[in-house]
Amino acid sequence: TTSEPRYRGPGEESLQARRRDAGCPSVRLMTTEIADAVGGVHEGRAMPVEQYRFHPRELGTSPDELLVAGYHRFLRDDTNRHTPRAVSADRPYLCEVAPVGGTAIVVAEVEPAMLAFGRYVRPKLTDRCVGITGSVGKTTVKQLIAAATATTYRTHATPRSFNTKFSMPGVLASAPDETECLVLELGARYRGDLRIMTEVARPTVGVVTKLGWAHLGPMMGRDGIVATKGELVEGLPASGTAVLSTDDPLVEGYAARTQATVLSYGSTGDVRAPRVDLAGDLSLRVSVSTPWGDAELHPAVKGAHHVTNLLAALAGALAVEVPLDAAVAGIEAAEPPDRRMQMHRVAGDITVIDDSFNATLDSVLGALDALAAVDAPERLAVLGPLRDGIAYLDEIHSVARERAETLGIEILAYRAPIYGLPVVDHRRQLRERIDALPPGSAVLIKGSRDDVIDEVVAELIGQLGS
């Protein structure tokens, strides 16, 4: 029989609260200890810290928060503008500039300070650690692995997409003392990022999801992506496991770049899916075969393009010795990440597919393929601009447009003239087009939250009724 999860997967504040209620506090440090660990100067009274915030709007949910000012999207010499909120909320903060009152940890640069903090905290935690990287599917695979490992171990996972060199050390520091398994999403924008993060996080299992166009420009092309993402498997110990796809030609050379044991997943992998049944509502029934036995998997995630994510997650959980039946049960119980292929039925018998979290080319292609598989009289894709592959913008938008044309899907370019199609600038225009669809039609909303396309979804659902 499958053991009940000790925690319900990698949730946000509710999970942290449940852990405290269960007597499993996070690694609790005083601001003075943190200042010593990062080589900073402490100002003000010493305060306890249990949670770490990276934006001032996140403050206020706990009395034990540290605001880390200086997130990469803010100018380094302007981090001071984020600290007054912390002071007014009586929260300590870490910054690069002169403090403005309250409790402050002042450092020369935030990112190196946070990495030093990660190195300080990591030895206090369990050795069992799964690191996940790739261009597409990282967050979904992270959610699935965390749900699977939580059936067997007390699991702490990266919340949302806190996967940078800046935020990952805070994820480590917020792990409960009783944590038995870490599940960390590791992102990279530049070469060398994963080498540094792997050195700090020290994963024993490294899972590589599909590689693609994301961050193609900063990494100097596909060769740069291959070189960068391979830094994870290069940093694994000889006793570790590298979980690699057999279907992605970009990872073919990774087995030779690691001293770890390789566990493969994919059509010819150690963990594979001999049969996949896709229903008209995109729900999946997957027969899986593994070195630990066979099983049937009925996940909550939607769309055939998620089969590779399911196999990667199952392999990652098996690599840390989660029993097969428990791993399957955990994955089946996992809630899909927010704004990723979430389906809503609205007035007029219209299905709205919300995939508005981000918009890389590979994720757009997968979403279009999923839309084409929906049993519907008419299919409409509302696409925002693609944000990755800055040096290749014309090419990636052309590829997305051509895929939609091949599939017979109409595109509405939402504030995205780069598709070379008529542009919809206002949500009113979008509502009018959707109102004209015949009953039973399907609408994909695909874009990036940075372009507020998620507000389109919220308005559609609120306007038409869920």
Side-chain angles (χ1 to χ4, degrees), residues 2 9 130 132-149 151 183 205-212 241-252 254-255 261-337 340-341 343 353 355 362-363 365-375:
T2 302
V130 182
I132 303 115
T133 196
S135 300
V136 183
K138 291 189 300 295
T139 302
T140 297
V141 170
K142 177 258 300 180
Q143 296 278 89
L144 296 174
I145 291 177
T149 58
T151 63
V183 180
V205 172
V207 179
V208 181
T209 67
K210 179 178 173 58
L211 303 188
T241 304
V243 178
L244 304 176
S245 171
T246 60
D247 299 323
D248 189 346
L250 295 181
V251 304
E252 284 181 353
Y254 279 15
T261 299
V262 172
L263 178 64
S264 62
Y265 68 92
S267 59
T268 60
D270 301 314
V271 178
R272 58 192 182 276
R275 178 174 176 174
V276 176
D277 293 323
L278 179 68
D281 64 352
L282 301 184
S283 60
L284 290 164
R285 295 173 63 92
V286 184
S287 299
V288 294
S289 177
T290 82
W292 293 266
D294 300 339
E296 293 292 320
L297 186 57
H298 313 294
V301 294
K302 303 278 190 176
H305 62 299
H306 275 307
V307 172
T308 185
N309 293 331
L310 291 165
L311 295 178
L314 182 58
L318 294 172
V320 288
E321 301 181 334
V322 176
L324 176 60
D325 60 345
V328 167
I331 289 173
E332 289 183 333
E335 296 269 335
R340 291 173 174 88
M341 296 301 294
M343 302 180 73
I353 304 172
D355 203 35
D362 294 284
S363 68
L365 298 180
L368 288 172
D369 289 342
L371 177 62
V374 175
D375 185 10

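- Listed by chain and number, the residues in a side-chain hydrogen bond (donor to acceptor under 3.5 Å, both in side chains) with Thr290 amount to none (sequence neighbours excluded).
- When the side-chain contact (heavy atoms from CB on, under 4.5 Å) test is applied to Ala334, the partners found at least two apart in sequence or on another chain are Leu144, Ala147.
- Of all heavy-atom pairs between Leu282 and Ala370, the closest is CD2-O, 3.2 Å.
- When side chains are defined from C-beta on, Leu314 counts as touching Leu324, because their heavy atoms get closer than 4.5 Å.
- Every side-chain contact (heavy atoms from CB on, under 4.5 Å) that Leu365 has, sequence neighbours left out, goes to Leu361, Val399, Arg403.
- Rounded to the nearest 0.5 angstrom, Ile353 CD1 and Met341 CE are separated by 5.0 Å.
- A donor-acceptor pair under 3.5 Å links the side-chain atoms of Ser264 to the main chain of Asp270, judged by distance alone.
- Considering every non-hydrogen atom in both Glu296 and Ser287, the closest pair reads OE2-OG, 2.7 Å.
- Each of Val328, Val301, Val288 was checked for a side chain to side chain contact (heavy atoms under 4.5 Å, CB included) with Leu310, and the lone residue meeting it is Val301.
- Between the side chain of Lys142 and the main chain of Lys138, no donor-acceptor pair closer than 3.5 Å is present.
- Closest non-hydrogen pair, Ala148 versus Ala327, comes out as CB-O, 3.8 Å.
- Separating the OH atom in Tyr265 from the CG atom in Leu244 is a distance of 7.5 Å, to the nearest 0.5 Å.
- Counting only residues at least two apart or in different chains, side-chain hydrogen bond (donor to acceptor under 3.5 Å, both in side chains) contacts with residues 307-318 comprise His306-Asn309.
- When every heavy atom of Ala312 is checked against every heavy atom of Val243, the shortest pair comes out as O-CG1, 4.2 Å.
- Asp375 is linked by a salt bridge (charged side-chain N to carboxylate O under 4.0 Å, His left out) to nothing, counting only residues two or more places apart in sequence or in another chain.
- Taking each heavy atom of Gly316 and Ile145 in turn, the nearest pair found is CA-CD1, 4.2 Å.
- By the side-chain contact (heavy atoms from CB on, under 4.5 Å) test, Glu321 pairs with Tyr153, sequence neighbours left out.
- Atoms CD1 and OG1, from Ile331 and Thr149 in turn, are 10.0 Å apart once rounded to the nearest 0.5 Å.
- For Ser267, the side-chain hydrogen bond (donor to acceptor under 3.5 Å, both in side chains) test picks out Asp247, with sequence neighbours left out.
- Considering only residues two or more places apart in sequence or on other chains, Asp277 meets the salt bridge (charged side-chain N to carboxylate O under 4.0 Å, His left out) condition with Arg275.
- Listed by chain and number, the residues in a side-chain contact (heavy atoms from CB on, under 4.5 Å) with Asp248 are Lys210, Leu211, Ser245, Leu250, Val251 (sequence neighbours excluded).
- Within 6.0 Å of CD on Glu335 lie no more than 12 heavy atoms contributed by other residues, nucleotides or ligands.
- The two residues Ala373 and Leu278 make their nearest non-hydrogen contact at CB-CD2, 3.7 Å.
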